[in-house]
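Remarks on the structure that follows.
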Amino acid sequence: MAQQSTIDSANGGTTVRMTLWTRQPVCGTRTSVLDRLGQLRSQDAIDGFDVETWPDEIRLDGETTHDEIVATFERFEDWATDHGVTVEPPFETRQVSPLLGTSYRVLRLPVMVLAVYDDELAGVYPCTDGADTTTIPDFLDAYEADGGLPATDAHALSGD
């Protein structure tokens, strides 16, 4: 398990944690996000961050060894619903029908997701309202510019 992140935001010293969920190996564009989080830390904008890894996909039907990932995805979906956005894509649920055996559902996990916590889940990136998408770099840009957590809901994403 990686390091826990705590951010004291400019408005009221609210404690904020960030967790970067990613597939292995952590390379390419994922390293640029890690570098950026590292820069925020070195500038004392954050105290640190978690990095969690997950597989390409997990089985949803029957027993799974990935209960924590399933619960995390469900929290992400709940947050998205509450804010009028969706996290699908990049998450994808699909039915697998093998030639032999019973069909089952799998959850295809994204290459990278940033979860932001302010006591409770405060944001999941990327997310979309169907027309506009807030990516991880978009969120980090807004966080740096605002000095704290930007609003994330369908109204804020569309710029209305």
Side-chain angles (χ1 to χ4, degrees), residues 1-9 14-41 45-98 101-130 133-140 142-143 148-154 156-157:
M1 190 143 346
Q3 190 170 345
Q4 190 103 347
S5 160
T6 316
I7 305 167
D8 290 330
S9 69
T14 304
T15 301
V16 177
R17 296 180 353 287
M18 292 188 187
T19 302
L20 183 67
W21 287 88
T22 184
R23 292 186 197 162
Q24 289 183 337
V26 180
C27 60
T29 55
R30 293 168 269 192
T31 58
S32 54
V33 170
L34 288 172
D35 290 345
R36 193 151 176 203
L37 292 172
Q39 285 179 323
L40 289 172
R41 181 178 179 176
I46 64 174
D47 291 330
F49 51 91
D50 291 336
V51 178
E52 299 284 348
T53 58
W54 53 23
D56 291 356
E57 65 183 26
I58 58 174
R59 188 171 173 161
L60 294 175
D61 296 342
E63 291 187 35
T64 178
T65 59
H66 300 288
D67 291 333
E68 178 187 359
I69 294 171
V70 172
T72 298
F73 168 67
E74 289 170 350
R75 284 191 298 275
F76 291 174
E77 278 191 317
D78 291 344
W79 173 85
T81 299
D82 291 347
H83 290 83
V85 296
T86 184
V87 293
E88 292 187 29
F91 290 93
E92 177 189 352
T93 304
R94 63 185 176 86
Q95 190 76 16
V96 174
S97 300
T102 307
S103 295
Y104 57 92
R105 291 181 329 125
V106 297
L107 174 63
R108 181 92 176 144
L109 299 163
V111 170
M112 182 172 45
V113 169
L114 184 65
V116 180
Y117 298 88
D118 174 5
D119 293 326
E120 296 180 5
L121 186 60
V124 178
Y125 305 96
C127 63
T128 184
D129 67 358
T133 299
T134 301
T135 64
I136 294 171
D138 292 338
F139 166 76
L140 293 173
Y143 185 86
L149 293 173
T152 302
D153 56 29
L157 284 174

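All values below were derived from every heavy atom in this structure, side-chain atoms included, with hydrogens, water molecules and symmetry-related copies excluded.
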Exercise. Can you check whether Asp61 reaches Ser103 side chain to side chain, under 4.5 Å on heavy atoms?
Worked result: no

Exercise. In this structure, which one of Val85, Thr86, Thr135 forms a side chain to side chain contact (heavy atoms under 4.5 Å, CB included) with Thr128?
Worked result: Thr86

Would you give me the side-chain donor-acceptor pairs under 3.5 Å for residues 23-31, sequence neighbours excluded?
from: Arg23; atom 1: NE; to: Leu109; atom 2: O; distance (Å): 3.0
from: Arg23; atom 1: NH2; to: Leu109; atom 2: O; distance (Å): 2.4
from: Arg30; atom 1: NE; to: Cys27; atom 2: O; distance (Å): 3.3
from: Arg30; atom 1: NH1; to: Arg23; atom 2: O; distance (Å): 3.0
from: Arg30; atom 1: NH1; to: Pro25; atom 2: O; distance (Å): 3.1
from: Thr31; atom 1: OG1; to: Gly28; atom 2: O; distance (Å): 2.6

Problem set entry | Partners meeting side chain to side chain contact (heavy atoms under 4.5 Å, CB included) with Thr72 (sequence neighbours left out) | Trp21, Glu68, Arg75, Phe76

Problem set entry | Closest approach of Val106 to Tyr104 (non-hydrogen atoms, all atoms of both residues) | CG1-CE1, 3.5 Å

Exercise. Can you find a pair of side-chain heavy atoms, one from Tyr143 and one from Val116, that are under 4.5 Å apart?
Worked result: no

For this session: Taking the side chain as every heavy atom from C-beta outward, state whether Leu107 and Val70 have any pair of such atoms under 4.5 Å apart.
Result: no

For this session: Of all the heavy-atom pairs spanning Ala122 and Tyr125, show the shortest one and how long it is.
Result: O-OH, 4.4 Å

Problem set entry | Reported CG-to-CG distance for the pair Asp138 and Leu114, which is rounded to 0.5 angstrom | 12.0 Å

Exercise. Do Glu92 and Glu57 have side-chain heavy atoms sitting under 4.5 Å apart?
Worked result: no

Exercise. Given Glu77 and Glu88, is the side-chain contact (heavy atoms from CB on, under 4.5 Å) satisfied, shown in steps?
Worked result: CA-CA 9 Å; Glu77 278 191 317; Glu88 292 187 29; 3.0 Å; yes

Problem set entry | Heavy-atom check, side chain of Arg108 versus side chain of Asp56, under 4.5 Å | yes

For this session: Begin from the C-alpha positions of Val113 and Phe91 and carry the test side-chain contact (heavy atoms from CB on, under 4.5 Å) through to its verdict.
Result: CA-CA 10 Å; Val113 169; Phe91 290 93; 4.0 Å; yes

For this session: Answer whether the closest heavy-atom distance between the side chains of Thr134 and Asp129 falls below 4.5 Å.
Result: no

Exercise. Going by heavy atoms in the side chains, are Leu20 and Ile136 under 4.5 Å from each other?
Worked result: yes

Problem set entry | From CE (Met112) to CG (Leu34), nearest 0.5 Å | 8.0 Å

For this session: Locate the shortest heavy-atom distance separating Trp54 from Pro110; write the atom from each residue and the value.
Result: NE1-O, 2.9 Å

Exercise. Just wondering, do Asp50 and Tyr117 contact through their side chains at under 4.5 Å, heavy atoms?
Worked result: no

